[in-house]
Structure formats: C-alpha cells, structure tokens
Amino acid sequence: MRRWLPVLACLLLLAPLLPIDSPAQAPAVKIGLLLPYTGVLSVQGIDTTNGFELYLNKIGRKAGGRAIEVLKEDDEAKPDVALTKIKKLVERDRVDFLVGPVSSVVAVAIRTYVHEQQTPLIVPVAFTRVLTSPQQASPSIFRLAETTDQSNYPMGAWMMKNTKYRRVVVMATDFVAGRHAVEAFIAGFKAAGGEIVKEIYPPLNTPDFAPYLAQAGAEKADAVYAWFAGADAIRFVKQYKEYGVGEKLPLTGHAVLVDDTIMPVIGDAALGIVTMGSYTAALDNPDNKAFVAEYDKRYKTWPSRYSDAGWMTLELIAQALDDLKGDLTNRDKVRAALKNALPKLATPRGHLEFDQYRQVITPIYVTRAEKLGGRYVNTVVERIPNVRQEDVWGWWNKK
Amino acid sequence: MTFWTIQVLNGVSFGMLLFLLAAGLSLIYGLMRILNLAHGSYYILGAYIGLSVVRATESFLLATVAAVVLVVALGVVMERFILRRLPQHEELPQALLTFGILLIVGDVSLWIWGGTPTQLPKPEGLTSSVRFAGMIFPSYRLFVIAVGIVVGLALWAFQEWTKLGAMIRAAIDDAEIARATGINVSLLSTGVFALGAALAALGGIIGGPLVGVYPGADFEILLLAFVVVIIGGLGSLKGALFGGLLVGLLDTFGKVLFPGLAMFTIFAPMAIILAVRPTGLFGAR
C-alpha cells in the first residue's frame with residue numbers, strides 16, 4: 001500500500017484536470033461581472049449582483065439551451081484595477097458577455113478596451129452621459145441605466161413647476177458621475193428660469209462633510225440639489241440633518257442620495273427628501289410587485305434600483321440567448337439580439353427600448369423618501385414616461 | 001461669525017480624534033523606537049468590533065469595553081511574540097512586519113465584516129444637535145471634543161504625576177540608564193504598547209459614528225496620524241495633541257477656503273515644518 005501512496009496522491013492531484021462533461025454538450029455561456037465589491041460604491045455592486053443572481057435562479061441557471069457560468073471580479077471602483085480585471089475576464093476567461101461597471105470613472109476607462117475587443121458589455125449602473133454620446137457610443141456597449149441627463153435635467157423644470165425653489169445651491173462629489181449629474185441639473189434648472197447660487201464639490205470618499213455643509217448653510221438660497229453615492233451619501237444626508245441645514249434649505253437631488261439600500265442606515269434623516277431617478281421598489285405594477293416579493297423573500301429587504309438593474313441585465317441577456325438559441329458564434333447577430341430583446345421584456349420598470357446609441361429609453365420618477373409600516377420607501381410623486389437621452393442633451397450636444 | 005465658530009469646532013473635533021490615534025503611535029515610538037504601521041489596524045478593528053457589539057447589545061459602553069480589551073490583547077500579543085523577535089534598531093524589518101500585519105488585519109476584517117461601508121450608531125442621547133446663539137452643532141462632536149480633552153488631561157497627569165509616568169519618561173529619555181536604575185523596561189514597553197492600542201481602539205469607537213467604517217479606513221487614518229506625529233514630533237504627547245488640533249483645523253479650513261486643494265493644505269504645512277524643524281514642533285530628537 002505504501003509504495004502506491006505517491007501514485008494515488010498524483011492521481012488525486014490530477015483528477016480535477018480531467019474533463020467531466022461529455023464532449024457533446026455545449027459549453028456554458030460565460031458572463032463576467034465587473035462590479036465594485038469593496039470601497040465606497042460596494043453597496044451598488046453587491047445589490048446589482050443580488051438582483052442578477054435572483055434572476056439566474058429564476059431561470060434555473062440556463063438560457064437558450066446552455067448553462068450559464070458567472071465570473072465575478074471586484075473592480076474596487078478604481079479605473080486601474082478595473083482595466084486589469086476586465087483584461088482577465090476577456091483574455092483569460094474568454095467571457096461571452098460583460099456586465100458592469102458601477103463607477104462612471106471606470107466606465108470611461110474601459111470603454112475603448114470594450115469597443116476594440118467587441119465583447120458585449122451591458123452597463124447596469126454607471127450613468128455618465130459620455131458613454132452613449134454620439135462620439136463615444138460603441139456597438140458593443142448597451143446601457144440599462146439612465147444617463148446623467150435623463151434623471152437630472154428634467155428635475156429643473158419639475159422644481160420650477162411644483163416648488164417655490166428659485167435659488168439653489170448645488171453640491172456633488174468631485175468626479176465624473178457627480179459633476180455630470182449636477183451639470184445636467186444646472187442646465188435644466190437654468191433653462192427653466194432658476195438661478196444657481198453656489199456650487200460645492202467635495203472629493204470622493206469625504207470622511208467629514210461638516211466644512212462643506214457650513215458653507216451651504218451660509219448661503220441665501222431656497223434649496224440644495226445634491227449628488228452623493230454610497231458611503232458618501234450616508235454621511236452627507238446624516239450630517240445635513242445634524243447641522244440643521246435642512247431647516248433652512250430643503251434637500252433635493254438625484255435618487256442616489258437616498259437609495260433604498262442605504263436609507264435604513266441613514267434613518268429618519270432621509271425622510272421628506274425629494275429626488276429623481278429611474279426606479280423605486282414602490283412602483284405600482286404587477287411585474288415590479290412580483291419582483292419585490294421574490295427579492296424580499298430571498299434577501300429579507302426590498303430591492304434597490306441596482307437590484308432592479310442586475311435583474312434586468314440578466315433578463316436581457318437570457319432573452320437574447322433564447323432568441324439566438326444559444327448560438328453566439330456571430331458577434332453581429334449577438335448585438336442585434338441584445339438590441340431587439342429589450343422591448344420584449346416585462347421589466348419591473350415597465351416597457352423599455354434602446355435608442356440608436358443603445359441607451360435605454362426609460363420612464364423617470366420623482367419620489368419622496370417616506371417611512372411606511374416601519375420601512376423606508378421612496379414613494380412616487382410623479383412619473384415622466386419615455387425619457388430619451390436625445391431629448392435632454394441639447395444643452396451640451398449641439399449638432 | 002457663526003460660520004467660523006462652527007468651522008473651528010469642526011476642526012477641533014476632528015483634531016481630537018486624530019490626537020487619540022497619534023498619542024499611541026507617538027508613545028510607542030518614543031519608548032521602543034518602533035514605527036508601528038499596524039496602528040491603523042487597531043483603529044479599524046476597534047470600530048468593527050464596536051459595531052458588532054453595538055448591534056448585538058445596543059450598548060455603546062459595552063462596545064467600547066469589548067473593543068478596547070480585544071484590541072489591547074492583539075497589541076500585547078504582537079509586541080510580546082512578534083516585534084520582540086526582531087533585531088533592535090533596524091527599521092526596515094519593523095516597517096515590513098507591521099505593514100504586513102496592517103494588510104492581513106485589513107483583509108481579515110473585509111472577510112468578517114464585508115466591504116460595505118457602514119457607520120457606528122451614535123450613543124443614546126448624543127444623536128441630536130445643540131442650539132446656541134443661532135448656531136446648530138451636532139452634540140456628538142462636542143462629545144468627541146470632551147473625550148479628547150479628558151484623555152489628554154488624563155495622559156498628561158499620568159505622565160507628570162505618577163511614578164509609572166515618570167518611569168516611562170525616563171525610559172523614553174534613555175532606556176539603558178533606566179534599565180540600570182532597576183526599571184523593568186521590558187514590562188513597561190508592553191504596557192505602553194497596550195496603552196497605545198487602547199487609545200487607537202477608542203479612536204475607532206469614537207470615530208466610527210463620525211467618519212464611518214469601511215475597508216481602507218485603516219490606511220487613511222494611519223496616514224493622517226503620521227502627519228500629526230511628524231508635525232508634533234515623535235515621542236511627544238504634547239506634540240500629538242497640538243499636531244492633531246493643527247491638522248484637524250488645517251483640514252477643515254483647507255476644505256472651506258481652498259476646496260480644490262484639500263490634501264495640499266495638510267501636506268504643505270507638514271513639509272514646511274519638516275524643513276524648519278526636522279524633529280517636529282515638540283520633538284526632542
């Protein structure tokens with residue numbers, strides 16, 4: 001027995017290398033997730049993955065007659081890390097589809113690589129306007145998230161019509177998503193006749209907003225419009241309340257400020273904040289109600305717009321796989337299938353389509369943060385249907 | 001006027017948090033000539049352990065005790081069984097080893113507590129804001145300032161007036177002679193290491209509700225603590241206090257007056273102080 005031990009050990013070592021699948025079976029479709037699982041934007045990455053995996057289980061981990069294999073990479077919301085990880089996914093793992101990113105900085109950084117490699121990328125969260133602009137749009141990039149224009153520009157006109165806010169202080173994280181978001185708001189608000197009193201841009205991951213808040217509080221204005229995400233949003237909204245700025249200047253902003261995911265951590269400081277975004281768990285339609293119930297059952301919490309995005313991303317890919325009957329050999333057909341799959345879906349947001357730049361045409365919602373039955377919810381104040389990026393980008397995209 | 005008063009209070013409260021961290025770092029270096037990069041780990045562990053205990057028991061006091069005790073235990077183990085084995089007066093092995101521990105603790109925390117940034121809840125009764133002469137200021141920040149003052153006074157009294165404090169001062173000045181006069185410097189070192197770890201854990205608990213807990217917080221806070229120690233002077237408690245306040249105020253006013261130069265307003269004064277006084281404001285050597 002003893003002399004056979006080394007042989008046995010070698011066999012055990014080599015066993016995993018032996019093919020287990022029968023060669024006739026089609027290999028699994030590989031989907032690479034490039035999302036932040038650590039750092040300031042990790043909440044978004046984790047929620048996107050949760051929504052994605054919920055749908056994956058719903059369809060029994062296969063579509064178009066092929067099994068689906070998921071590879072997750074943590075981009076840490078850093079462009080340099082993301083570029084390394086995406087190369088790994090594309091060149092070593094040879095994934096068929098890419099999903100990501102959350103950070104707009106990362107989106108800008110990987111855009112050219114994706115365009116050259118031609119692996120279809122579905123963007124669930126990153127929303128900088130440039131990614132689907134006529135200059136940058138790539139046939140391989142499909143975006144389900146609204147652009148910075150779609151969910152910030154209309155807020156200006158809405159505020160002029162529905163509130164008494166005429167002089168507004170703007171505060172946002174000093175990086176591409178924050179800048180682009182408030183730029184769109186400023187353009188929309190000015191076009192509607194409003195006035196911007198001051199602009200304040202704290203850096204990403206600001207540990208302490210106190211100095212910035214005191215500046216905003218010292219201004220003679222009617223309201224504050226803000227864009228902060230993840231951990232920054234938690235600190236910002238809490239401190240906004242603590243410094244009593246809200247008593248003088250009501251807080252408004254993009255939906256990211258009071259995301260469903262972070263509201264339990266923010267607590268009552270979030271209540272009453274009016275924001276604009278593309279999804280809330282409170283949407284009143286059967287598809288969303290089914291989605292919310294299923295999500296709640298699995299994760300014991302309500303979905304956020306990231307969970308919704310993750311869910312829809314796989315819904316889209318699965319539909320395309322079904323339409324292609326699992327055949328991914330022709331890249332042009334894959335791209336066409338992705339584009340044509342979206343209108344067929346019954347998504348929690350309702351009927352969606354891609355425009356000519358493969359950017360989603362989506363309803364946008366004005367919501368208010370409230371507490372209903374012990375749960376923090378963004379309830380719908382107004383629905384603006386079929387917002388197209390082409391309708392709201394006139395302020396910068398002059399043709 | 002109100003605006004500036006609030007900013008000064010902001011700066012002081014952040015400075016006090018930095019003081020808690022820098023004090024331990026500075027004491028440990030002063031006595032043992034060890035630049036403990038794992039100090040950031042004590043901070044983040046203190047905050048995370050505090051978070052778990054607060055969630056389980058809803059008691060801030062219990063969380064503080066648990067965090068301090070566990071982190072001190074880690075500090076003592078590190079000092080007795082790891083750092084002791086290193087050759088004395090060689091900085092590179094120390095730096096590499098403590099940096100390695102910083103990375104390991106960071107990854108272990110990521111594994112246990114996940115990558116989602118979170119915040120410690122504030123203790124009962126400190127969640128609201130204080131109103132005074134038209135100013136609105138969060139009461140928790142006043143509490144942080146109070147904790148800083150109490151800890152500072154306690155450390156000062158301990159060093160000046162107790163025998164143990166005198167022994168530490170003697171050992172900082174000259175460990176050889178102190179040993180010759182019968183002071184157990186080895187035991188003293190462990191004690192000071194434990195004290196430093198305790199202060200850092202306390203910093204984590206106090207800072208948790210203010211700046212939050214997330215992967216990478218250890219590095220960020222360590223960097224600032226180093227700036228404080230460099231400005232104040234290594235081995236000096238007074239330096240840690242004044243350095244902390246200076247950095248806290250520089251950071252706050254830098255953000256207010258030159259928002260685009262947030263980092264510059266901290267590091268430029270540090271460079272100038274280093275050029276004029278290479279040992280820092282209160283450093284002896």
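Each chain gets a letter, A, B and so on, in the order its sequence line appears, and its residues count up from 1.
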Given the options Gly267(A), Ala214(A), Ala231(A), Gly244(A), which has more heavy-atom pairs under 4.5 Å with chain B than any of the others? Ala214(A)

For Ala218(A), which atoms come within 4.5 Å of any heavy atom of chain B: side chain, backbone, both, or neither? side chain

Close aromatic pair by centroid cut-off 6.0 Å: Phe228(A) and Phe209(A): yes

Is the Tyr214(B) to Trp113(B) ring centre distance short of 6.0 Å?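 Ring centres of Trp113(B) and Tyr214(B) not closer than 6.0 Å.
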
Where does the angle between the aromatic ring planes of Phe60(B) and Tyr140(B) fall among parallel (under 30°), tilted (30 to 60°) and perpendicular (over 60°)?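 It falls in the perpendicular class, over 60°.
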
Indicate whether any N or O donor in one side chain lies under 3.5 Å from an N or O acceptor in the other, for Tyr243(A) and Asn10(B). yes

Contacting region of Leu110(B) [heavy-atom separation from chain A under 4.5 Å]: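 Only the side chain of Leu110(B) comes within 4.5 Å of chain A.
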
